[in-house]
Amino acid sequence: MTVLTSTLSTTDDGFTAARAAMDAKLEELGREFDTLRQGGGEKALARHRKRGKMPPRERIEKLVDRDTPFLELCPFAGWGTRFQVGASIVGGIGTISGVECMIVANDPTVRGGTSNPWTMRKTLRLKEIAYENRLPLVSLVESGGADLPTQKEVFIPGGANFRGLAEFSKAGIPTVAVVFGNATAGGAYGPGMSDHIVMIDQRSKVFLGGPPLVKAATGEISDDESLGGAQMHARVSGLADHFAQDEDDAIRLCRDVVARLNVAKAGPRPDGVVEPRYAEEELLGIVPEDLKVPFDPREIIARVVDDSDFDEFKPLYGSSLVTGWARIHGYPVGILANAQGVLFSEEAQKATQFIQIANRQNTPLLFVHNTTGYMVGAEYEQGGIIKHGSMMIHAVSSSTVPHLSLLVGASYGAGHYGMCGRAFNPRFLYAWPSAKSAVMGAEQLADVVTSVAKASAADRGIPFDDEANDARRLAIEEQIDAESMPLFLSGQIYDDGVIDPRDTRTVLGLSLSAIATTAIESDRSYGIFRM
Ligand code: COA
């Protein structure tokens, strides 16, 4: 029997305190999300609606199949920067006419839907997800093109964006553009390079230069419609493949286009979905606010995997890392979850062996992070901790089965790398509001900076100013703490979303379903090394 038995007590003080801390963080997240859903704000939204137009989330809602979920990705992109949170686009995975697609919609209520540096980063990340998982890309276009004051940062990534569309097409991943409004200047190549284009009567404006620019350049007097209206593109230039009467008609046409794409999923089919035996609500009280307090990741696994069934691999060896097999929404996964925070040589070797087995078994991997990194100290250095840590990082880097990462607690230093952090290209990476990630903890980092400054002063024979150092230390701690928080990291697009712990199973299930669009290809360059 491999079903987990939970020992969590929901009346315990630890649970109550952890839950209260999580509730407070979720409230903050909820407030942020409510704000970003307003797009460019009440006034801009009212003006947009007065023009008879739908905001991006409404367009998406109408586009996806009724009563199916939309997995919004990177909603907090740009948080903590001078640009609007959300980066003036809405993106995520939704099912259109039975086909899972990546939907990317400009938000014209935010500075005319223009692309700033964070829009570019978010767009490129969304496209990367679509490309890796071979999801058809559906763009809902209405944008003033480059955010001109920041042109130096968007000019080159903008080019990469258009090149990406050619790569999609070449790789046989369909691209569809529905033009709801402006797609001018460079922005015209977005639809121009898509496989299928839908334009809307009196709404679509697709031209390289608008009337003022044409007049300035050639002296010609023209208007929007003759330069780039849907009628002209459908009847004269041939740029539009489909002519829609209005927004609803365009959405209908887009659904028809997707229905005819003739795409089939090449990955595994889910089977035998069984709900976990423990309530997902209880996920809110597992991770203590103080991440130094250990917790058992099996309590999380028991509330996320099918039937709470987890077949543990090497449970008696390297016990600071839990490894084992499970299913999520019917999809098989191998799970690696930190138990005590620190990774020792045994854990690194166990992880390496487990990753190799997952590759042999064509099984995607889920990394559940709560690690402060690899163990330091003479005993561990002499025991080969660098060698073993490198081995684990090698295994993660070379593994070719899809990876998912979930940051629930700490994710520091090389531990973040070994557990398939952002730089190791997991197909999807999510964080709970309780997570923290950085080179190291704020306190430890401030300690290191202080010791280095003290040693340097002693070396140069100058007195060390303890008082000034205390102030500097505090400032460093505050800065690093702020930079380790999920919202900040999400703002930097170091994750694909901060999620409510209760949504974990759903979010991972949707991600695994998207992943199953492609066949799972294992690394077969070597057999399995016994560690
Ligand atoms: N760069 C920076 N800011 C821009 C912008 C651009 N390309 N296009 C629009 N904005 C800003 C406007 O200045 C305005 O800012 P404000 O709210 O602070 O006043 C805001 O976005 C909304 O623009 P507005 O013109 O009032 O909205 P609209 O819905 O009537 O029209 C556009 C939107 C995009 C059609 C129109 O602004 C436009 O034609 N922009 C220029 C398009 C262009 O030629 N781009 C070339 C880039 S390669």
Side-chain angles (χ1 to χ4, degrees), residues 35-36 38-59 77-78 81-90 104-124 139-165 177-194 199-218 220-233 239 246-247 250:
T35 310
L36 77 87
Q38 297 296 317
E42 255 173 56
K43 255 167 91 180
L45 207 59
R47 191 163 77 128
H48 188 67
R49 283 200 189 281
K50 214 171 150 198
R51 290 170 171 170
K53 295 184 165 200
M54 288 185 264
R57 283 187 179 76
E58 248 174 72
R59 287 173 179 162
T81 71
R82 67 191 172 89
F83 299 98
Q84 169 127 357
V85 181
S88 73
I89 40 165
V90 181
V104 180
N106 296 120
D107 187 344
T109 70
V110 183
R111 283 181 77 79
T114 50
S115 293
N116 62 52
W118 290 97
T119 321
M120 293 316 320
R121 285 183 192 121
K122 178 166 167 178
T123 306
L124 291 174
S139 306
L140 310 187
V141 184
E142 184 165 13
S143 164
D147 173 69
L148 293 171
T150 58
Q151 66 81 28
K152 73 175 183 338
E153 288 168 84
V154 297
F155 179 44
I156 303 303
N161 196 14
F162 301 139
R163 177 173 54 80
L165 289 169
V178 186
V179 189
F180 286 88
N182 259 70
T184 59
Y189 294 103
M193 298 197 59
S194 297
M199 289 199 200
I200 308 174
D201 194 21
Q202 304 298 317
R203 294 287 168 87
S204 307
K205 290 187 177 66
V206 188
F207 38 65
L208 294 184
L213 189 141
V214 170
K215 181 159 188 290
T218 67
E220 183 188 336
I221 307 289
S222 52
D223 56 54
D224 283 354
E225 278 303 301
S226 61
L227 286 174
Q231 291 269 4
M232 188 284 283
H233 283 308
L239 184 68
D246 54 27
E247 294 205 3

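Keep in mind that this is a model prediction, so the values were computed, not measured. Read the numbers this way: they start at 1 and go in the same order the structure lists the ligands and their atoms.
- Among Gly187, Gly158, Gly144, Ser115, the residue whose heavy atom sits closest to atom 46 (C) of ligand 1 is Gly144.
- Every residue two or more places apart in sequence or in another chain was checked for a side chain to side chain donor-acceptor pair (under 3.5 Å) with Ser139, and none qualifies.
- The protein non-hydrogen atom at the shortest distance from atom 44 (O) of ligand 1 is Thr184 OG1, 4.1 Å.
- Formation of a donor-acceptor pair under 3.5 Å by the Lys205 side chain with backbone atoms of Thr184 is not found in this model.
- Side chain of Glu247 to main chain of Met54: a donor-acceptor pair is present (N/O by atom type, distance under 3.5 Å, no hydrogens or angles).
- At a heavy-atom distance under 4.0 Å, only side-chain atoms of Pro149, from C-beta outward, approach ligand 1.
- Here the side chain of Ser204 pairs a donor or acceptor atom with the backbone of Val179 at under 3.5 angstrom.
- Taking any N or O of Gly186, backbone or side chain, none lies under 3.5 Å from an N or O belonging to ligand 1.
- Summarising the geometry of Leu165 relative to Gly190, their closest heavy-atom pair is CD1-O, 3.5 Å, with the distance given to 0.1 Å.
- Within the 3.5 Å criterion, the main-chain N or O of Gly113 finds no donor-acceptor partner in the side chain of Ser88.
- Scanning all protein heavy atoms for the shortest distance to atom 1 (N) of ligand 1 gives Leu148 N, 2.9 Å.
- Residues satisfying the side chain to side chain donor-acceptor pair (under 3.5 Å) criterion with His233, sequence neighbours excluded, are Ser237.
- Counting the atoms of ligand 1 from 1 in the order shown, those under 4.0 Å from a heavy atom of Ala185 are 46 (C), 48 (S).
- Between Arg47 and ligand 1, a contact under 3.5 Å exists for at least one N or O pair.
- When heavy-atom distances to ligand 1 are checked against a 4.0 Å cut-off, His48 has no atom that comes that close, whether in backbone or side chain.
- Within the 3.5 Å criterion, the main-chain N or O of Pro108 finds no donor-acceptor partner in the side chain of Asn106.
- Protein non-hydrogen atoms do reach within 4.0 Å of atom 42 (C) of ligand 1.
- The distance criterion of under 3.5 Å between nitrogen or oxygen atoms is not met by Asn182 with respect to ligand 1.
- Under the 4.0 angstrom criterion, atom 27 (O) of ligand 1 counts as having a protein heavy-atom contact.
- With a 6.0 Å radius and a threshold of 12 heavy atoms from other residues, nucleotides or ligands, Phe155 has its CZ atom at or below the threshold.
- Interatomic distance, Thr114 OG1 to Ile89 CD1, rounded to the nearest 0.5 Å: 11.5 Å.
- Separating the CG atom in Asp223 from the CD1 atom in Ile221 is a distance of 10.5 Å, to the nearest 0.5 Å.
- Residue contacts with ligand 1, taken as heavy atom pairs separated by less than 4.0 Å, involve Arg51 solely via side-chain atoms from C-beta onward.
- For atom 3 (N) of ligand 1, the nearest non-hydrogen atom of the protein is Arg111 NH2, 3.2 Å.
- A distance of 5.5 Å separates CZ in Arg57 from CG in Leu36, rounded to the nearest 0.5 Å.
- Under 4.0 angstrom from ligand 1, the non-hydrogen atoms of Asp147 come from both its backbone and its side chain.
- At a distance under 4.0 Å, no protein heavy atom can be found next to atom 37 (O) of ligand 1.
- At a 4.0 Å heavy-atom cut-off, ligand 1 touches Thr114 through the side chain alone.
- The protein heavy-atom contact nearest to atom 22 (C) of ligand 1 is Gly112 N, 3.8 Å.
- For ligand 1, the polar-atom distance check finds no N/O of Gly145 at less than 3.5 Å from any of the ligand's N/O atoms.
- The protein does not reach atom 17 (O) of ligand 1 closely, with no heavy atom under 4.0 angstrom from it.
- When distances from atom 13 (O) of ligand 1 to the protein are checked, no heavy atom turns up under 4.0 Å.
- Counting protein heavy atoms under 4.0 angstrom from atom 32 (C) of ligand 1 gives zero.
- Using a 4.0 Å threshold on non-hydrogen atoms, atom 7 (N) of ligand 1 counts as touching the protein.
- Side-chain N or O atoms of Asn116 include one that pairs as donor or acceptor with a backbone N or O of Trp118 at under 3.5 Å.
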